Amino acid sequence: MARLQPVRGTHDVLGDKAIRFRTIYEKFKSVAERYSHQEIDTPIFEFTETFKRTLGDTSDVVTKEMYTFEDRGGEQVTLRPEYTAGIARAFMSNGLQQSAPCKFYSFGPMFRYERPQKGRMRQFHQMDVEILGVPEPQADIEVIALGSDLLDELGIGKHIKLELNSLGDPGSRADYRDALVKYFTGFKSALSEDSLQRLDKNPLRILDSKDEGDRALIENAPRIFEFYNEATKNFFDEVKSGLEALSINYVINDRLVRGLDYYCHTAFEFTTDQLGAQGTVMAGGRYDGLMEMMGGPPTAGIGWAAGMERIAELISEEILLNSDRPVVVAPVGNSTQVVAMKIAHDLRLDGIVVDMAYRGNVAKRMKRANKQNAAFAILIGDDEIARSVGMVKNLDLGTQEEVSLSNLSQYIREAQK
RNA sequence: GCGGGUGUAGCUCAGUUGGUUAGAGCGCCAGAUUGUGAUUCUGGAUGCCGCCGGUUCAAAUCCGGUCACUCGCCCCA
């Protein structure tokens, strides 16, 4: 027997969750469009190589988290674990260098083979925003402001803080990396096993180790800002003063890093303490080296991705978008079925949300209406048909009156105001 | 991949030192009320006690394994 279970780490989106998702998406779309971003939808899978190139052969995502398989034509393909690679690829595939700068937004499912946990699924959903072809710090400011506005409009800005850092330009970044390796190599025997691996794979990552022994060493490790050159400093200052001009609060976290080499300058995360171990709600940064690394022309890029499921857990009931309450048409007796269906259809053509009470006696059908959270029930019996009226009952007030069929739509619309 | 917790009705959960027919609330269905819902009253059905094996006269209960969920580590949105 087939297991009537969803695959581990996947979930059905329905009911309250669906409403939350839709609310978040509508706000996201509206805010992104106000920043003049265009919608883009890239395929949910790409050639495996696309992700390997961009994420690096040693990253956890590539080494153990990708859903990779061979298709019938023998191609190695991978369900996307993140957005940026696909969008960068689309940028080049479509020759959009011509129309740069490009500002995109997108929303959809992502896949990572991980052990599920609170706020972490194997199929999850992200909203994503990218600006391609703008090396100026104004893009950094705009992208962060977009994210900040969205969280505010979702009513969760107060629970979330913006952590900000600069990884520097490639020059200062490389200097810092060297200094870190040198420093930690001196304490090799004291480092945790995890950090020991990070030392040659991804030394910057040691900085956010939670191991107590590591933390003591990290305290005295060289700080990234000591290695900022003039260009880096200027860029970062512009970002910071821009955020201040827009009254966007941030805290500097010089332990906030990105492992891969194509990242530079701005790195940021919007985090909360209300989601257990998974505190990051939105994260992004600048990746000016990415396109070149993928084999395209040098193109600046900055963006962020935000986790729908995580945000869905934070937003409160009050901001959820509610849909129109339906009107329920209830035929009385089988002979009225067809006429009732026609009445329902006319109402629908007039833009009214209509459900039908399909079976049972009048009490049953009224019950059905009530369960659908209907505002009105319209009883249609032989008697009503003979006189071209419907018996319209207001289910909130318990009152009812006969309304001529030709006035039904208008009556409902007025009453719903 | 590693460690902790939990699996009993559609949902939330009780179930005594192992003891024979496994419970409650909510929800669901039916009736009171065959042209009037939500309230009220009455009645009904909930079930491989996650799955497999072991111990025992006897297992929802104890033991082992397994699967799932969940929390944390790693990593990330």
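Note that the coordinates shown come from a computational prediction; the quantities given were computed from them, not determined experimentally. Each chain gets a letter, A, B and so on, in the order its sequence line appears, and its residues count up from 1.
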Can you tell me how far [atom1] in [N] sits from the matching atom in [M], rounded to whole Å?
N	M	atom1	value
B:C13	B:U8	C1'	9 Å
B:A45	B:C28	C1'	9 Å
B:A59	B:C49	P	13 Å
B:U42	B:A24	P	15 Å
B:U55	B:U61	C1'	13 Å
B:U33	B:U12	C1'	32 Å

Taking only N and O in the side chain of A:Gln117, is any of them less than 4.0 Å away from OP1 or OP2 of B:C71? no
Salt bridge A:Lys17-A:Asp12, side-chain N to carboxylate O under 4.0 Å: no
Closer than 4.0 angstrom, basic N to acidic O: yes or no for A:Arg215 and A:Glu219? no
For [X], answer base if it contacts any base atom (sugar-phosphate contacts may also be present), sugar-phosphate if it contacts only those atoms, and nothing otherwise; contact means non-hydrogen atoms under 4.0 Å.
X	result
A:Arg368	nothing
A:Met127	nothing
A:Glu309	nothing
A:Lys367	sugar-phosphate
A:Glu384	base
A:Glu269	nothing
A:Ala363	sugar-phosphate
A:Gly284	nothing

Counting only distance, no hydrogens or angles, is the base of [N] paired donor-acceptor with the side chain of [X] under 3.5 Å?
X	N	answer
A:Arg115	B:C75	no
A:Gln400	B:U36	yes
A:Arg198	B:C75	no
A:Lys118	B:U70	no

Should B:A24 form a Watson-Crick or G-U wobble pair with both distances under 3.5 Å, which nucleotide is its partner? B:U12
Identified pairing partner of B:G1, criterion: Watson-Crick or G-U wobble below 3.5 Å: B:C73
Please report the distance, rounded to the nearest Å, between CZ in A:Arg8 and C1' in B:G1. 11 Å
Between P of B:C76 and CD of A:Gln123, the distance in whole Å: 21 Å
Ring-plane angle category for A:Phe21 and A:His125, please: parallel below 30°, perpendicular beyond 60°, tilted otherwise. perpendicular
Once the angle between the rings of A:Phe28 and A:Tyr105 is folded into 0 to 90°, is it parallel (under 30°), tilted (30 to 60°) or perpendicular (over 60°)? perpendicular
Out of A:Lys27, A:Glu26, A:Arg34, which residue meets the side chain to side chain donor-acceptor pair (under 3.5 Å) rule with A:Ser30? A:Arg34
Note: for A:Glu114 and A:Gly398 on RNA chain B, the residue whose nearest nucleotide lies more 5' is A:Gly398
Residue whose nearest RNA chain B nucleotide is more 5′ - A:Thr10 or A:Asp382: A:Asp382
For A:His265, run the ring pair (Phe, Tyr, Trp, His ring centres under 6.0 Å) check against A:Tyr287, A:Phe235, A:Phe236 and tell me which one passes. A:Phe235
